[in-house]
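First comes the structure, then the notes that go with it.
As a basis for the values below, the full set of heavy atoms in this structure was taken, side chains included, without hydrogen atoms, waters or symmetry mates.
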Number of protein chains: 2
Amino acid sequence: MRDVTALSGPNGARSLHPVMEGRRPVPEGGSRAERKERTRQALLDVTLRLIAQRSLAGISLREVAREAGIVPTAFYRHFESMDVLGVELVDESMRPLRQMIRDARRGRAGHGDIIKGTVSILGEHVRSHRAQFQFLTRERYGGVASVRRAIDTELRLFTSELTVDLARLTAANDWSAEDLEMTADLMVSTMLATVMALLEVDGRRGEDEQQILVRAERQLRLIALGMGAWRSAGSRPEAARRVRAVGRPLRPAT
Amino acid sequence: MRDVTALSGPNGARSLHPVMEGRRPVPEGGSRAERKERTRQALLDVTLRLIAQRSLAGISLREVAREAGIVPTAFYRHFESMDVLGVELVDESMRPLRQMIRDARRGRAGHGDIIKGTVSILGEHVRSHRAQFQFLTRERYGGVASVRRAIDTELRLFTSELTVDLARLTAANDWSAEDLEMTADLMVSTMLATVMALLEVDGRRGEDEQQILVRAERQLRLIALGMGAWRSAGSRPEAARRVRAVGRPLRPAT
DNA sequence: CATTTGAGTGAACGTCTGTACACTCAAAGC
DNA sequence: GCTTTGAGTGTACAGACGTTCACTCAAATG
């Protein structure tokens with residue numbers, strides 16, 4: 001935030017190169033409602049872009065407005081404050097994540113290996129929706145309380161959906177709801193850790209993307225193996241066998 | 001003679017109102033070095049206290065100085081900037097965490113159950129060093145790049161230490177270094193997720209502390225079971241048996 | 001004892017912030 | 001066609017920010 005100030009000296013802000021500075025003052029045309037929506041989207045997009053370098057708390061209303069090509073006061077026509085914009089951004093950023101879950105569930109990659117497919121889809125989505133994932137992980141434990149809450153709520157929903165999926169895969173009634181939820185939580189947090197690692201991969205050499213994904217795949221497979229062993233030492237062998245199938249095909253490290 | 005220092009400037013500026021504000025201006029007494037160290041510590045403490053509500057990026061140098069009872073300019077006698085203070089704070093906050101690892105390793109709780117003991121120690125430390133853990137988790141993916149780096153480095157060290165421990169527990173040469181690191185990473189991220197959940201427990205009813213710790217224990221046990229099964233389906237059964245012992249005693253959900 | 005040192009002071013600076021207010025003027029509604 | 005609406009404008013202000021500078025004055029030094 002500090003080094004940015006070096007750009008805007010006490011010049012007139014007039015004599016800049018006419019073609020330089022690609023500041024688009026919101027594309028024109030369309031009905032009133034369309035134009036408003038476009039400006040609103042521009043504000044969200046700009047914030048998402050800026051979050052790549054600083055956290056939401058470090059981004060000012062004025063800067064967002066400036067980058068979106070409107071005057072600071074016009075910001076209020078769309079959002080009450082930056083905090084409210086942040087909460088809205090959670091919803092928007094969650095959309096690709098929800099799509100990801102849907103993709104993973106239908107087994108789009110469809111190689112018959114659920115884990116491999118899921119991890120591969122995760123990698124693709126993080127690559128193509130980098131900014132959204134960055135926003136979510138950065139602000140999950142960040143400074144703005146309302147935004148943190150919103151993310152937390154969505155993530156809980158995510159976990160409970162996965163719990164349902166797991167229940168289906170484990171023959172439903174052999175595992176307690178508590179154990180299912182515990183396992184789903186472990187998987188979600190493993191995937192989140194993977195997302196965070198992926199996002200830090202450039203700028204931090206040493207681990208490359210593929211390596212992280214391979215590790216995530218093995219971690220999930222380890223968990224699946226654990227599921228197979230969880231109850232197998234006693235109670236219902238046929239359910240345990242079913243769970244174990246999730247972990248297959250297992251191909252340990254060379 | 002322009003070095004006439006006898007300027008009749010508007011010095012005055014003797015003592016202000018004796019009872020200005022209830023701000024403690026750094027406890028007095030001791031040598032110069034001691035007083036300096038105390039002020040320095042006050043700056044760190046104040047920042048740690050303020051981080052409970054906002055992120056580091058949202059805390060100003062002036063506010064920290066004010067709360068520590070010194071004038072803004074005096075801040076520079078101790079730190080070049082808030083960013084540098086942040087990096088220093090990482091080091092300081094890591095100390096309790098390092099102590100925790102040492103405790104866990106020696107099995108201070110000493111019930112013979114490594115997992116139970118570790119989780120219990122984790123819970124205790126989070127309770128008694130709340131602010132430090134909050135700082136670390138909040139800033140791990142936060143806005144200040146240098147702080148993020150510092151935390152990342154320390155956490156990597158943590159993981160590699162755990163890798164060594166795992167190597168010892170798994171008979172050293174049956175598992176590849178890569179697999180050991182993968183597993184250690186999974187365990188660390190599980191524990192970090194637990195820390196984060198613990199920190200959000202109050203202010204967010206529904207899950208209480210004990211519940212989170214029980215879940216973490218089960219998650220780690222699930223992982224340990226996974227380790228037992230990882231290689232057992234083929235290669236070196238006696239090593240697998242050894243690993244499996246880590247997971248015991250296993251007492252699945254009621 | 002006289003001298004040097006350096007943590008803390010206080011005023012001042014230029015800049016950026018969020019927000020208030022009165023305004024413009026094209027599209028929407030009647 | 002006349003009126004209403006509302007997204008975007010421009011000016012203005014008070015407060016907070018980081019940083020500068022010349023300073024004080026007790027402790028450390030010798």
Side-chain angles (χ1 to χ4, degrees), chain A residues 1-14 23-43 50 54 56-85, chain B residues 2-17 20-21 23-43 50 54 56-86 144:
Chain A
M1 182 151 64
R2 292 184 257 296
D3 21 334
V4 179
T5 62
L7 300 173
S8 60
N11 61 354
R14 243 306 176 212
R23 204 61 72 241
R24 59 259 96 155
V26 184
E28 51 198 286
S31 75
R32 188 121 110 181
E34 283 171 343
R35 289 186 57 107
K36 171 159 186 178
E37 179 53 31
R38 231 176 291 138
T39 305
R40 189 190 131 95
Q41 199 55 50
L43 290 170
L50 291 175
R54 338 205 247 319
L56 193 67
I59 299 173
S60 73
L61 180 155
R62 283 182 106 102
E63 187 174 11
V64 171
R66 198 184 311 130
E67 292 286 309
I70 60 171
V71 101
T73 40
F75 178 95
Y76 295 103
R77 299 283 180 197
H78 305 275
F79 304 100
E80 200 182 45
S81 66
M82 276 298 289
D83 289 15
V84 173
L85 180 147
Chain B
R2 41 187 61 111
D3 60 325
V4 179
T5 53
L7 51 97
S8 60
N11 56 355
R14 199 57 195 94
S15 60
L16 294 171
H17 299 88
M20 282 289 275
E21 280 289 332
R23 208 55 75 236
R24 57 256 97 143
V26 183
E28 50 200 289
S31 73
R32 188 120 112 181
E34 282 170 344
R35 289 185 58 108
K36 171 159 186 178
E37 178 53 30
R38 230 176 292 138
T39 306
R40 190 191 131 93
Q41 199 55 50
L43 291 169
L50 292 175
R54 335 205 248 321
L56 193 67
I59 299 172
S60 72
L61 181 155
R62 283 182 106 103
E63 187 173 11
V64 171
R66 197 184 311 130
E67 291 288 308
I70 60 171
V71 102
T73 37
F75 178 95
Y76 295 103
R77 299 282 180 198
H78 305 274
F79 304 101
E80 200 181 45
S81 68
M82 276 298 289
D83 289 15
V84 172
L85 181 147
V144 184

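Atom CZ in B:Phe75 sits roughly 12 Å away from atom P in C:dG8 (whole-Å rounding). In this structure, the CG atom of A:Leu56 is 14 Å from the P atom of C:dT17, given to the nearest Å. The distance from atom CD1 of A:Ile70 to atom C1' of D:dT9 is 11 Å, rounded to the nearest whole Å. What separates CE of B:Met82 from P of D:dT19 is a distance of 11 Å, to the nearest Å. Here the P atom of nucleotide C:dG8 and the CD atom of B:Glu37 are 11 Å apart, to the nearest Å. Straight-line distance from the NZ atom of B:Lys36 to the C1' atom of D:dA26: 16 Å, rounded to whole Å. The CZ-P distance, from A:Arg35 to C:dA27, rounds to 8 Å in whole Å. In this entry the distance linking CD of A:Glu63 with P of D:dC17 reads 18 Å, nearest Å.
Taking for each of B:Pro72 and A:Val71 the nucleotide of DNA chain D with the nearest heavy atom, the 5'-most of the two is the partner of A:Val71. The 5' end of DNA chain D is approached more closely, in terms of each residue's nearest nucleotide, by B:Ile59 than by the other of B:Ile59 and B:Gly30.
Distance check, rounded to the nearest 0.5 Å: CE of B:Met82 to CG of B:Leu56 gives 5.0 Å.
Listed by chain and residue number, B:Asp45, B:Glu92 satisfy the side chain to side chain donor-acceptor pair (under 3.5 Å) test with B:Gln41 (two or more places apart in sequence, or in another chain). The side chain to side chain contact (heavy atoms under 4.5 Å, CB included) check on A:Arg32 picks up nothing, with sequence neighbours excluded. The side chain to side chain contact (heavy atoms under 4.5 Å, CB included) search around B:Glu80 returns B:Val84, not counting sequence neighbours. Looking at residues two or more places apart in sequence or on another chain, you find a side chain to side chain contact (heavy atoms under 4.5 Å, CB included) between A:Ala65 and A:Ile70. Listed by chain and number, the residues in a side chain to side chain donor-acceptor pair (under 3.5 Å) with B:Arg54 are B:Glu63 (sequence neighbours excluded).
Taking only side-chain atoms of A:Arg66, from C-beta outward, the nucleotide of C:dT17, C:dT9, D:dG18 with the closest atom is C:dT17.
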Could you list all N or O pairs between the protein and nucleotides 20-26 of chain C that sit under 3.5 Å apart?
from: C:dA26; atom 1: N3; to: A:Arg32; atom 2: NH1; distance (Å): 3.3

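In this structure the side chain of A:Phe79 never reaches within 4.5 angstrom of the side chain of A:Leu61, judged on heavy atoms.
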